[in-house]
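What follows is one structure encoded as structure tokens, with my remarks underneath.
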Number of protein chains: 2
Amino acid sequence: MPRQRSYSRVTREALAMLGKLIRVGRAQRGLTAQELADRAGISRTTLSSIEKGAPGPEIGAVFEVCSLVGVRLFDYDERSLQMHHARLDEKLTLLPKSVRRTVKEVDDDF
Amino acid sequence: MPRQRSYSRVTREALAMLGKLIRVGRAQRGLTAQELADRAGISRTTLSSIEKGAPGPEIGAVFEVCSLVGVRLFDYDERSLQMHHARLDEKLTLLPKSVRRTVKEVDDDF
DNA sequence: TATATTTGTTCATTATATTGGGCGTGAGCG
DNA sequence: CGCTCACGCCCAATATAATGAACAAATATA
């Protein structure tokens, strides 16, 4: 069965931007594509895809590259990252563990 | 050649957090895993991997899911997203187009 | 300007993510 | 309390991403 996916405009734009952010970050640090790829443990070809904003690459590889060139996804520093983790866990325990379709009401408190 | 990758702690944490954010967002919207997966054009199995914070899934799929449950990676709204695009393009044209290893100097102005 | 190097691209092969189905469990609703 | 449905997990088959090599073209330095 073919996969045949389609991506929303927002997704495509976000991917393109992330790629550019990485590219800029790499340039600012004076890193060669090969160097950065090596450090991230991926091939230069894959890094190229990432910088082009392709939807295919593994998210783990992309995040790894991001951390290497100083692109932070959620603009949290590491400490607050921990905090948010705790918060989210809290939230998750409070939330219902399975979603019933009959439940129509949802309020966006965040 | 085996791939054999390793991910930094930051990457792993970011992935875990993103997964939790998605999970919370989905719950808040009262969406079934199957429903969300359908809308994102992926299988429930893959969505499960994403929510678990696995490094493997395609970044396109993850971003698609994010946009569906209201998790924004860069806290830019769509409009400023355009702006940032322009800025990045500008920056890219100014930056050298290939990186020379002999260039030792790098200044982090961002 | 000459030259070494970085980058962009393609391609066959290999590794791996995705899929869809099924099963058991537990949570939420009547 | 009982029943239904959402979820977590496993698996085989298949689609696809990752790799590494190779080549051309562009680009930065001497």
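Letters go in sequence order (proteins before strands), and every chain restarts at 1.
- For B/R87, the side-chain hydrogen bond (donor to acceptor under 3.5 Å, both in side chains) criterion is met by no residue, not counting sequence neighbours.
- Note on the helix from C/dT1-D/dA30 to C/dG30-D/dC1: terminal axis deviation equals 70°, with five pairs used at each end and the result rounded to 10°.
- Here the C1' atom of nucleotide D/dT27 and the CZ atom of B/R101 are 16 Å apart, to the nearest Å.
- Residue-level contact check: A/G41 touches the backbone only, with heavy atoms under 4.0 Å from sugar-phosphate atoms and none from bases.
- We find that CD1 of A/I50 is positioned 7 Å from P of D/dA18, with the value rounded to whole Å.
- We find that CD1 of B/I42 is positioned 11 Å from P of C/dG20, with the value rounded to whole Å.
- B/L73 and B/L15 end up in the same hydrophobic cluster when Ile, Leu, Val, Met, Phe, Trp and Tyr side chains are linked at under 4.5 Å.
- At whole-Å resolution of the value, CD1 in B/I59 and P in D/dA17 are 13 Å apart.
- Taking atom OH of B/Y7 as the reference point, atom C1' of C/dT16 lies 11 Å away to the nearest angstrom.
- Atom CD in A/E35 sits about 8 Å away from atom P in C/dT6, given to the nearest Å.
- As rounded to whole Å, 14 Å separates atom C1' of C/dT14 from atom CD of A/E58.
- Position along DNA chain D of the nearest nucleotide to B/R5 versus B/L95 favours B/R5 as the more 5'-ward residue.
- Under the rule for a salt bridge (charged side-chain N to carboxylate O under 4.0 Å, His left out), the partners of B/E51 that lie at least two apart in sequence or sit in another chain are B/R23, B/R26.
- Looking at every heavy atom in both residues, A/A54 comes nearest to B/I59 through O-CG2, 3.9 Å.
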Next on the checklist: Apply side chain to side chain contact (heavy atoms under 4.5 Å, CB included) to residues B/M17 and B/E13 and explain how you reach the verdict.
Outcome noted: CA-CA 6 Å; B/M17 183 156 92; B/E13 299 235 3; over 6 Å; no
Output side-chain donor-acceptor pairs under 3.5 Å for residues 61-71 of chain A, partner residues at least two apart or in another chain, one line each.
{"residue": "A/E64", "atom": "OE1", "partner": "B/S8", "partner atom": "N", "Å": "3.0"}
{"residue": "A/E64", "atom": "OE1", "partner": "B/T11", "partner atom": "OG1", "Å": "2.7"}
{"residue": "A/E64", "atom": "OE2", "partner": "B/S8", "partner atom": "N", "Å": "3.3"}
{"residue": "A/S67", "atom": "OG", "partner": "A/E64", "partner atom": "O", "Å": "2.9"}

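- Distance A/R100 CZ to D/dT4 P: 11 Å, rounded to the nearest Å.
- Here A/R12 pairs with nothing under the salt bridge (charged side-chain N to carboxylate O under 4.0 Å, His left out) rule; sequence neighbours left out.
- Looking at which nucleotide of DNA chain C each of A/P96 and B/T46 is closest to, the 5′-most match is held by B/T46.
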Protein-nucleotides 7-10 of chain C N/O pairs under 3.5 Å:
{"residue": "C/dT7", "atom": "OP1", "partner": "A/R26", "partner atom": "NH1", "Å": "2.7"}
{"residue": "C/dT7", "atom": "OP2", "partner": "A/A33", "partner atom": "N", "Å": "2.8"}
{"residue": "C/dG8", "atom": "OP1", "partner": "A/R23", "partner atom": "NH2", "Å": "2.7"}
{"residue": "C/dG8", "atom": "OP2", "partner": "A/R23", "partner atom": "NH2", "Å": "3.2"}
{"residue": "C/dG8", "atom": "N7", "partner": "A/R44", "partner atom": "NH1", "Å": "3.2"}
{"residue": "C/dG8", "atom": "O6", "partner": "A/R44", "partner atom": "NH2", "Å": "2.9"}

For residues 36-44 of chain B, tabulate all N or O donor-acceptor pairs below 3.5 Å that involve a side-chain atom, not counting sequence neighbours.
{"residue": "B/D38", "atom": "OD1", "partner": "B/Q34", "partner atom": "NE2", "Å": "3.0"}
{"residue": "B/S43", "atom": "OG", "partner": "B/T46", "partner atom": "N", "Å": "3.2"}
{"residue": "B/S43", "atom": "OG", "partner": "B/T46", "partner atom": "OG1", "Å": "3.1"}

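- When all heavy atoms are compared, the tightest approach of A/G30 to A/E35 is O-OE1, 3.9 Å.
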